[in-house]
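For the numbers below, each heavy atom of this structure counts, side chains included, while hydrogens, waters and symmetry mates do not. What you are looking at is a predicted structure, and each value in this text was computed from that prediction instead of being measured. In the text below, chain A, chain B and the rest are named by the order of the sequence lines, each starting its count at 1.
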Amino acid sequence: MTKLTIDGIETEVEAGATILQAAESVGVEIPRFCYHERLQIAGNCRMCLVEVEKSPKPVASCAMPVAEGMVVRTTTPAVQKARKGVMEFLLINHPLDCPICDQGGECDLQDQAMAYGFDRSRYAEGKRAVKDKDFGPLIKTWMTRCIHCTRCIRFMTEVAGVPELGATSRGENMEVTTYVEKALSSELSGNIIDLCPVGALTSRPYAFLARPWELRKTDSIDVHDAVGAAIRIDARGGAVMRVLPRTNDDVNEEWLGDKSRFANDGLKRQRLDRPYLREGGRLRPAGWGEVFAAIASRLKGLPGSAIAAIAGDLADCESMTALKDLMGRLGSANLDCRQDGAKIDAAVRAGYLFNPTIAGIEQADALLLVGTDPRREAPLLNARIRKGWVRNGLPIAVIGPNANLTYGVQDLGNDSGVLAEIAAGRHPFAAVLKNAQRPMLVIGQGALTRPDGAAVLAMARQAALSLGVVKDGWNGFGMLHYAAGRVGGLDLGFLPGPGGRDVAGIQDAARAGEIKVVWLLGADELDMGGFGDAFVIYQGHHGDHGAHRADVVLPGAAYTEKNATYVNTEGRVQRTRMAVTPPGEAREDWKIVRALSETLDQALPYDTIEQLRERMKAVNPVFGAADRIDPAAWGAFGAAGAVAPGGFESPIANYYMTDPISRASKTMAECTAVFVRGQEGKTGTHG
Amino acid sequence: MSEQDFQPATFAFTEANKALAQAAIAKYPQGRQRSAVMPLLDLAQRQEGWVSKAAMDHVATMLSMPPIRVYEVATFYSMFQLKPVGEHHVQVCTNLPCWLRGSDEVAHACKKTLGVDFGETTADGRFTLSEVECLGACVNAPMMQIGDDYYEDLDAESVARILDTIKRGERPKPGPQIDRQFSAPVGGPTTLGDIESKGKQ
């Protein structure tokens, strides 16, 4: 620890900390542009100048480590003058176009110019102009505004691991650019918009739509993947204008994936805003009473075994609880929340959670990825793995579909036989895991959706046990989910009951005519032709695959429109909050189920969300502890059996379109065209 | 001329240069190969006369570094030519010391003799004229660089003579164009004369 005095306040900070960090710890604010606590120090904006006793010149506090007995002053006239000088230089080439700049109102330069700016310019010469760059469909550039803080360059290089941005030329000619015109091919590129302290990089889809002070801000949770990133939903009137990350060091730090950030325009398109009823082969708008009556008459007299329910990837825990209870009352055991058919064993909670936790990746000292492509399935988690690789030299091996994960990996080949070798301890990487203190084994859904998924899971469990991945005080076995609703569904037991059928069984029985009514709770990623003549009830928020097949459509609420519970891949119970109201006649999903239960004379015993959450707690106590992780007990899971040779495939081929919201998003369609189709080679119609 | 018109599709070092490149890379410790980026870019420029995008990409691949890092280095140094230049690249310094000592006259003489302005190449493609920042020969100002050679202590007459000599295909004598040894004072040494005499005793 080092003692120093800042503005007369004596404090003690860790040796190696910078003056700026020490000042922050005692509440002294120092202006900065280039410094960012999650990026390496550049020290090039010079805004953070302070006076240090016995130092002849002002010192850049972001880059100067503290020393014993240092006396720092941040408010002296000399400091003020130095910062004013820096500000004047920064503004020499900065256009004063705040009225037409999207950063206006949340601009660091604007704010600090209020404190350190001069009220007129002494600069009579021409300002430089810089050609705008094309960074793709997500990021709008206005490079004349750039003050060369290099935060975006450092983020792309260090955090995103896609070193495509750089600063070319020097002095007055310096430009932040990709040099070769290209879109930034990172799933995390949107974060440089947040990092940019000026209006050089702004959101393209959000361009000229709103000013920050017009927006209503609601803290919520992202559901586009199973990471459960903390987000802030900015809404104006009834529309979600944009989605920004919130800081949550346990999950997303302060980053957000591009899909989570930019798919919000999908919330306005293809929405189901009223109930629909199929009549004469066509869906026609109907009233709530009408559709409820239609469902009631269809269910009348049916045995429970002829009814089934499938929960989709975005289903929230409240609606799954209500639907499961309703199905129970109707006598049906045909429930499943694994619409991709993953052979997850829900008997042991530790068997389907990401036990080491996302933050725990930083402690790991060896990592094996099996059947997963974290870059597409969970880009934020992938960024954590990269952090471990960069900071700790984490050795990583991959048995899976993609080895291009933004960090160095040992590609063991995409074959289940390699996993068998490792489980048997015969593979060289088995020794790496065995010798590690905190080894990790991450298994993805791609390994479990195969017909022999349960055997693969058992083999992975066997490998984890024999190689010391699971031991006292450390559980390095992690299952990586990609669907936000999946862990919640497993926790609630939204699974085939005794004698019940799973997704494949439900479809087979529906085709055979044994199952006559299927309830799809936001389940769209299914073969919709596989339900035979069954009566399909689709409850969801988008006119996607499910609604097209449905006989009755019940309009539900998207994640921005309801107070709902989701459990992330780590088993962290988190809640979204209603930012806007559902469109038209759409309602919160659990209320729809509750209302219908009354029509069916099977009234569910909860009238408020509090009562429903009490019920969830009774089903599984984990729902009593929000935003917290309690280590899950280890046990036996998976099913021993023969594992067929062959590779694993990631369930996500296109990161930008995985759910009804992102499939309805125009921005995501543009990303798909540029990043996914672009890689497949352009056709003759491309310019 | 748009970028595509002059950017070649591919680049490869000649066998001889490949060996030189390997020698440059070998100078740096294991894992620090990217330190050789400047020698390699220089080699590429000597081979092609300028540094093309293909050459930068080739260097990036050779050193296993992201291409943008090579672009950054190549654009930072004005000594790397990112567009084709003439056979002889005439670079005239116009920074303060040279300007005070008459670089305007030098620049004017170059333009007159070659018939092109700064940033232009003669019609026959033999000469490109550039205005550059300080080349570190202020003591012999004004000066210019042609190829690898510095020509110093210039005036209009000596500039014209140098350029004409090159035009004839000969190599003019580099260095000071007046009676002066390197950077020694004009007319011979003025200090430490006594020390030299002591040495003679």
> Should we count CG of B/D124 as having more than 12 external heavy atoms under 6.0 Å?
Replying inline: yes
> Is it the case that more than 12 heavy atoms not belonging to A/Q40 sit under 6.0 Å from its CD atom?
Replying inline: no
For residues 26-38 of chain B, which side-chain N or O atoms pair as donor and acceptor with protein atoms under 3.5 Å away, sequence neighbours left out?
residue, atom, partner, partner atom, Å
B/Q33, OE1, B/G31, N, 2.9
B/S35, OG, B/R32, O, 3.1

>> Please evaluate residues A/R170 and B/S78 with respect to the criterion side-chain contact (heavy atoms from CB on, under 4.5 Å), reporting the C-alpha separation (whole Å), side-chain torsions for both, the decisive distance (0.1 Å), and the verdict.
In response: CA-CA 9 Å; A/R170 58 174 160 174; B/S78 57; 3.5 Å; yes
> Hey, is CD on B/Q181 packed in by over 12 heavy atoms from elsewhere, all under 6.0 Å?
Replying inline: no
> Does a sphere of radius 6.0 Å around CZ in A/R38 hold more than 12 heavy atoms from other residues, nucleotides or ligands, not counting ones at 6.0 Å or beyond?
Replying inline: yes
>> Looking at chain B, which one of A/T177, A/T178, A/T168 has the largest number of heavy-atom pairs inside 4.5 Å, strictly under?
In response: A/T168
> Which heavy-atom pair separates A/L165 from B/R69 by the least distance, and what is that distance?
Replying inline: O-NH2, 2.8 Å
> Is the number of heavy atoms from other residues, nucleotides or ligands under 6.0 Å of B/E133 CD greater than 12?
Replying inline: no
>> Please output the residues of residues 136-162 of chain A in contact with chain B, using a heavy-atom cutoff of under 4.5 Å, in numerical order.
In response: A/I153, A/T157
>> Counting only heavy atoms from other residues, nucleotides and ligands, does the tally under 6.0 Å from NZ of B/K173 exceed 12?
In response: yes
> Counting only heavy atoms not in A/Y123, do more than 12 sit closer than 6.0 Å to its OH atom?
Replying inline: yes
>> Could you walk me through whether B/M56 and A/Y179 satisfy the side-chain contact (heavy atoms from CB on, under 4.5 Å) test, starting with their C-alpha distance in whole Å, then the side-chain angles of each, then the deciding distance to 0.1 Å, before giving a yes or no?
In response: CA-CA 12 Å; B/M56 292 190 272; A/Y179 194 69; 3.7 Å; yes
